[in-house]
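The next block holds one structure in the form of structure tokens; read it before the comments.
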Amino acid sequence: MVETATPRLPLTDPPWVDDSFVRRIRALLRTSPLHELEATKAQRDGDWSPYDLRALALVAIDTVIDHMGLELGATAAQVRKRLAALAQLSAPDRPAQEFQRVAEAVVSGLLNDRHRREAFAMRYSDWSGRAHRHAEVAFKLLEEVEAPDGSIVLRATDEAVNLFVGALDRDIQDAQAAAEAILASQLRRGRLDQAVHTARGARLRSIQFAARVRRVLDTTRHDIRQVDWSQDVPSLLGDALGHLEERLEVERHLVATVRDIVASADADPAAGTLLELIEDCQLRHLELHALLLSARTTFLEEQERQRFAVSADSRALDLGEQLLTPLLTGPARVARPVTQRFLQTVVGPTPPRPLRLTDLVEILFQPRRGGEDEDIIDDDPELVDLGDDRRYPRDAWHIAEEIFAATGVTGGRRLSALLAMARQRDPRAAELVALSALHAFAPESAPPALEAVDDGQALDDPEFGGGDLIVGPAAMS
Amino acid sequence: MRQLHAVDAGAASQLISYGLQPRLRPASSPLYADLVERYQGDVAFRDLVEHVGEGLGLVVLDVGATSGMTLAAVPGSPFELRLSDYRTNLSADDRLLHGLIHVGIAAYVFPTPASLTDDDVRQASVQAVEAFIRAACLGLQEGAGDADPTTDQPETEQAWRLYLRRQATRDTADGRVGVSTTTGMVKYAFERLVTAGLASRASDADGGTYRLLGRYRVGVRELAATTAYRELLKAMADNDTGD
């Protein structure tokens with residue numbers, strides 16, 4: 001019998017809520033940074049009423065997701081550019097600078113720059129335990145990460161991918177299954193473009209999944225105690241393995257379906273892309289499989305290796321509370337050596353530089369450096385458009401070109417002869433001929449149209465020195 | 001374990017040499033990428049690399065496919081950064097302030113212990129960091145509740161007083177930042193992090209906005225913070241007995 005304050009309403013359900021409620025409220029909360037962006041736009045400098053920041057934020061997330069997994073990823077600048085273009089469509093009469101600011105605000109809001117890029121934290125009421133409790137959900141939407149080439153790109157978190165690509169009521173853990181369910185449904189409806197998009201999502205899931213396992217293994221290699229190998233990791237690896245087997249099965253099925261579509265007479269070109277994507281997805285899953293198989297060995301090896309490792313301090317330091325505040329409070333004689341060590345460690349190892357004579361000369365010839373008050377911020381260089389930066393007049397180029405063109409007929413000629421011909425018509429053309437011959441002899445970039453050969457004969461010329469090269473068209477030898 | 005040969009010592013040193021060039025990345029050099037992979041997959045090779053590093057006074061903090069190898073110099077190592085290399089002609093107060101500012105940057109960028117173990121790129125501006133340290137100092141001033149007692153013993157003076165005595169900015173004729181102001185020092189610190197391959201410039205907003213890269217987080221997390229913390233505890237204990 002359920003106790004209830006309103007006896008006239010026969011409640012068929014108990015008053016507490018089910019697990020799905022918790023999942024949905026958490027999903028709902030994850031959209032709140034977008035609403036907040038929109039709701040607080042009135043506080044911005046200027047009238048932002050024409051711009052829909054919520055919609056722009058969704059576009060930003062979409063753009064990031066579209067670029068994930070396929071290439072390196074979208075940079076913040078790329079995303080801002082797209083958003084600025086959309087903002088311009090909303091309010092064509094506004095100054096371009098404002099579009100930039102709007103775009104900047106959206107990206108910065110999604111990164112939670114205001115709170116130093118920490119996770120968004122939202123509180124909600126949870127009655128699922130048959131009592132009320134305040135619970136909190138912490139999440140990120142976008143993050144900046146380093147790409148292997150050193151560029152910094154945006155990444156959507158699992159939560160963001162799930163929420164904004166999939167549906168609201170999905171288990172975060174089950175993202176991979178969600179992605180493939182969407183893909184299969186799109187295939188059934190013949191929505192190939194969409195299916196390509198989803199396949200990208202599925203591939204991304206595979207990459208993220210492998211990254212998670214790799215992270216555990218990396219941490220294990222680094223410090224085995226940071227990883228719970230008694231419970232957490234075995235369960236992660238077990239889950240991953242189960243997941244993988246299921247995924248490989250689903251993808252096998254998908255590949256068969258898409259192959260059929262590709263083979264059909266009026267095949268959509270998107271089908272080919274899709275097939276490649278799913279095949280790549282399979283490949284990544286196989287890689288992950290291999291990774292999982294190696295995990296156990298890694299653990300055993302590291303356990304052996306790190307048995308005698310020196311114990312490091314806990315990494316759970318609160319830098320503000322435990323380091324900065326005590327240093328500020330303490331006397332200078334305590335703070336000085338500690339902060340100095342910190343500085344030396346953090347700025348990193350510096351290779352010692354043995355004194356070389358050339359360095360010394362350079363140092364001595366440097367302009368005098370000012371004292372304390374000299375400024376460290378340099379002026380931006382003034383950039384002036386000089387137009388055509390070729391230093392030689394057009395006529396000189398023509399003459400040089402004619403002379404070289406002639407070697408196409410006559411075959412290779414001595415540089416001295418070419419110089420004489422050029423000098424007769426324009427001394428500046430002679431210089432150009434000499435430089436072109438030099439470039440042909442030792443090309444620095446693209447293969448030149450000319451070729452120059454040095455047969456050892458010296459150049460006898462009032463202006464230029466070196467070998468009297470034989471210069472001709474590139475196919476000469 | 002596999003038998004190692006002289007040629008492996010060459011490879012190990014090569015990897016250390018890459019690690020000493022923090023702006024190099026495995027993605028830009030196939031050999032570097034190979035060595036990183038070998039380090040990760042071959043336990044015997046990893047031990048060799050770590051011993052070569054140890055011999056040079058270097059600790060291997062991290063080896064990963066994106067950032068490559070991250071090293072730190074132990075005190076006394078020929079690779080240790082000398083303060084005179086950080087900045088010439090520093091007074092005792094300046095040295096303390098520069099060091100505090102580096103601790104301040106780390107504390108600002110990593111507000112929680114958990115943020116030290118994330119893998120995203122954090123961002124901070126010169127103005128935000130300066131304001132953050134200044135606010136912490138002002139909070140301590142309020143707690144102390146006294147006017148600045150002039151002291152003739154600079155060594156016992158509290159560090160926050162020193163920081164507050166220094167101006168955040170000073171108007172110069174052309175509107176630039178004076179280097180001996182705390183803002184100028186924060187700017188200098190960030191620029192040094194950029195030179196060392198630990199940060200990159202994001203924009204000119206707010207006195208200069210910088211992104212802190214993975215190597216920076218690794219350095220703070222794996223060594224700088226814990227070493228400083230240990231030394232702080234020790235120094236405080238020594239100070240107590242010394243008084």
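In what follows, chains carry the letters A, B, and so on, assigned in the order in which the sequence lines appear, proteins first and then strands, with residues in each chain numbered from 1.
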Any salt bridge linking A/K140 with B/D118? Criterion: basic side-chain nitrogen under 4.0 Å from a carboxylate oxygen.
yes

Bottom line for A/R341: the part with an atom under 4.5 Å from chain B's heavy atoms is side chain

Do B/Y86 and A/V347 have side-chain heavy atoms sitting under 4.5 Å apart? yes

Applying a strict 4.5 Å limit to non-hydrogen atoms, the region of B/A114 in contact with chain A is neither

Max heavy-atom pairs within cutoff under 4.5 Å with chain A, candidates B/I133, B/L223, B/L100, goes to B/L100

Separation between CD (A/E144) and CZ (B/R122), nearest 0.5 Å, reads 11.5 Å

A side-chain contact here means heavy atoms from C-beta on lying under 4.5 Å apart; do A/D318 and B/F110 qualify? no

Cut-off 4.5 Å, heavy atoms of chain B, and the answer for A/A76 is side chain

Note: A/R116 and B/A107 closest approach over all heavy atoms is NH1-O, 3.5 Å

Ranked by heavy-atom pairs below 4.5 Å to chain A, first place among B/A224, B/A235, B/A27 goes to B/A224

Ranked by heavy-atom pairs below 4.5 Å to chain A, first place among B/R23, B/H98, B/R95 goes to B/R95

The reported gap from CD in B/E157 to CZ in A/R333 (rounded to nearest 0.5 angstrom) is 13.0 Å

_Donor-acceptor pair, side chain of B/Q158 and main chain of A/G330, under 3.5 angstrom_ = no

*A/R155 bridged to B/D119 by N-O distance under 4.0 Å*: yes

Distance col, row A/E146:CD vs B/S200:OG, nearest 0.5 angstrom, shows 8.0 Å

CG (A/L154) and CG (B/D120) are apart, to the nearest 0.5 Å, by 11.0 Å

task: Would you indicate whether the side-chain heavy atoms of B/V220 and A/L319 approach each other to under 4.5 Å?
output: yes

Before giving the answer on side chain to side chain contact (heavy atoms under 4.5 Å, CB included), spell out for A/Q340 and B/L83 the whole-Å C-alpha distance, their side-chain angles and the decisive distance to 0.1 Å.
CA-CA 8 Å; A/Q340 272 171 29; B/L83 269 150; 3.3 Å; yes

Chain A shares the most heavy-atom pairs under 4.5 Å, among B/R215, B/Q123, B/E80, B/R192, with B/Q123

Donor-acceptor side-chain pairing of B/T112 and A/E118 below 3.5 angstrom:
yes

Bottom line for B/Q40: the part with an atom under 4.5 Å from chain A's heavy atoms is both

Given the options A/L327, A/L343, A/L328, A/V346, B/V103 meets side-chain contact (heavy atoms from CB on, under 4.5 Å) only with A/L327

Whatever's closer than 4.5 Å to a heavy atom in chain B on A/I152 counts as side chain

Comparing A/L323, A/L111, A/T325 against chain B, the one with the most heavy-atom pairs below 4.5 Å turns out to be A/L323

If one checks every heavy atom of B/L58 against chain A at 4.5 Å, the contacting part turns out to be side chain

| request: Output, in order, the C-alpha distance, side-chain angles, deciding distance and verdict of side chain to side chain contact (heavy atoms under 4.5 Å, CB included) for A/L324 and B/F132. | output: CA-CA 11 Å; A/L324 183 62; B/F132 172 74; 3.8 Å; yes

From the list B/P78, B/A72, B/G219, the residue making the most non-hydrogen contacts under 4.5 Å with chain A is B/P78

The interface call for B/P75 against chain A, heavy-atom contacts under 4.5 Å, is both

(Q) If you define the side chain from C-beta out and look only at heavy atoms, does anything of A/P349 sit under 4.5 Å from B/L81? (A) no

Turns out that what part of B/L20 lies under 4.5 Å from chain A's heavy atoms comes down to both

So OG of B/S115 and CZ of A/R117: to nearest 0.5 Å the spacing works out to 13.0 Å

Counting heavy-atom pairs under 4.5 angstrom with chain A, the leader among B/A92, B/S28, B/A73, B/P26 is B/A92

Report yes if the side chains of B/P113 and A/L317 come closer than 4.5 Å at any heavy-atom pair, otherwise no.
no

So CZ of B/R25 and CG of A/D149: to nearest 0.5 Å the spacing works out to 7.5 Å

